[in-house]
Amino acid sequence: ELWERWNDNEPISKVELTEFVKNNHGNELFASTYLAPGCKENTLRVWINRKIKEAGFSARKHSVSQTIPSDWFDMAVKGTERVRERFKEEQVDVVLGADETFCAFNHKSETVLAPTGSKRVGSASKTDDKLGCTIMVTMDMMSSRLTRPLVVFT
């Protein structure tokens with residue numbers, strides 16, 4: 001299953017692999033050793049970790065080569081000074097702070113299993129990654145009051 005999913009550009013996570021093993025073991029000895037009531041939860045996890053390593057895989061974060069600049073703090077300070085000066089020039093009296101976040105209805109694991117030494121790890125997802133909603137909250141910075149949230153379903 002590891003190699004099959006990897007070759008299909010749909011790497012599997014440890015959670016998915018654990019569920020796959022639990023549902024497709026097909027062996028009474030395996031079930032009595034790792035899945036029977038009273039077995040330590042850690043026993044199956046250790047066995048799966050060993051099998052992952054034997055297959056030449058390791059847990060990796062999705063990576064598409066995006067890095068944070070080393071001088072990010074200085075850039076943020078300069079940006080803040082620029083904004084403050086502009087607000088003074090324009091005599092701004094209303095400031096709204098807003099943030100938005102996307103809530104996916106189909107959860108995707110942060111890590112997947114990939115051959116050890118792989119440089120870039122991604123997947124061609126078979127689930128609709130855009131199915132969810134965007135939630136935006138806004139605050140009036142002068143009165144410290146929250147406005148009603150905006151929810152957009154996709």
Side-chain angles (χ1 to χ4, degrees), residues 1-26 34-35 37 41-42 44-49 51-53 55-154:
E1 185 70 9
L2 279 173
W3 278 108
E4 185 177 319
R5 291 278 299 268
W6 176 256
N7 291 332
D8 288 343
N9 288 326
E10 183 67 28
I12 192 169
S13 68
K14 276 189 183 181
V15 172
E16 291 172 307
L17 182 62
T18 302
E19 287 305 310
F20 177 81
V21 168
K22 285 180 180 178
N23 296 328
N24 298 292
H25 57 81
Y34 297 104
L35 304 175
E41 188 176 313
N42 191 41
L44 180 60
R45 186 173 49 244
V46 169
W47 183 85
I48 287 176
N49 286 339
K51 293 301 176 185
I52 290 169
K53 191 171 184 177
F57 279 71
S58 59
R60 296 280 312 276
K61 284 194 172 198
H62 292 275
S63 57
V64 189
S65 303
Q66 187 177 25
T67 59
I68 297 172
S70 58
D71 62 340
W72 68 268
F73 186 79
D74 295 331
M75 292 170 67
V77 169
K78 288 177 186 172
T80 302
E81 290 169 356
R82 224 177 25 251
V83 169
R84 290 181 68 190
E85 286 301 314
R86 184 67 185 262
F87 277 17
K88 285 180 186 176
E89 290 171 10
E90 301 293 332
Q91 298 177 340
V92 173
D93 59 352
V94 175
V95 179
L96 299 174
D99 195 11
E100 66 174 314
T101 188
F102 181 74
C103 297
F105 293 157
N106 296 321
H107 175 70
K108 190 173 185 180
S109 178
E110 283 189 28
T111 59
V112 293
L113 301 175
T116 303
S118 296
K119 299 297 179 200
R120 291 184 179 204
V121 179
S123 65
S125 180
K126 293 178 183 173
T127 59
D128 186 0
D129 293 338
K130 296 182 181 179
L131 185 62
C133 66
T134 299
I135 302 170
M136 182 172 173
V137 291
T138 308
M139 180 174 200
D140 180 345
M141 303 298 275
M142 299 300 187
S143 67
S144 296
R145 289 188 350 210
L146 287 173
T147 63
R148 291 184 178 182
L150 173 68
V151 181
V152 178
F153 292 91
T154 56

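The structure presented is a predicted model; accordingly, all values stated were derived computationally and were not measured. Just the heavy atoms: all of them, side chains too, but no hydrogens, waters or symmetry mates, feed the values below.
Atoms CZ and SG, from F105 and C103 in turn, are 8.0 Å apart once rounded to the nearest 0.5 Å. Note that CZ of R5 and CZ of F57 are 11.0 Å apart. Values are rounded to the nearest 0.5 Å. Between the CZ atom in R84 and the CD atom in E81 there is a gap of 8.0 Å [rounded to 0.5 Å].
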Stepwise side-chain contact (heavy atoms from CB on, under 4.5 Å) test for K53 and N49:
CA-CA 6 Å; K53 191 171 184 177; N49 286 339; over 6 Å; no
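For C133 against F153, the heavy-atom pair with the smallest separation is CB-CD2, 3.6 Å. Listed here is the closest heavy atom pair of S58 and I52: N-CG2, 4.1 Å. Shortest non-hydrogen contact noted between W3 and A55 is NE1-O, 3.8 Å. Heavy-atom minimum distance, V95 versus F87: CG2-CE2, 3.8 Å. The minimum heavy-atom distance between E16 and I12, with the atom names listed, is CB-CG1, 3.4 Å. K14 approaches A59 most closely through the heavy-atom pair CE-CB, 4.1 Å.
Within 6.0 Å of CE on M136 lie more than 12 heavy atoms contributed by other residues, nucleotides or ligands.
Here the side chain of T138 pairs no donor or acceptor atom with the backbone of T147 at under 3.5 angstrom. Judged by distance alone, with hydrogens and angles left aside, the side-chain atoms of T101 form no donor-acceptor pair with the main-chain N or O of I135 at under 3.5 Å.
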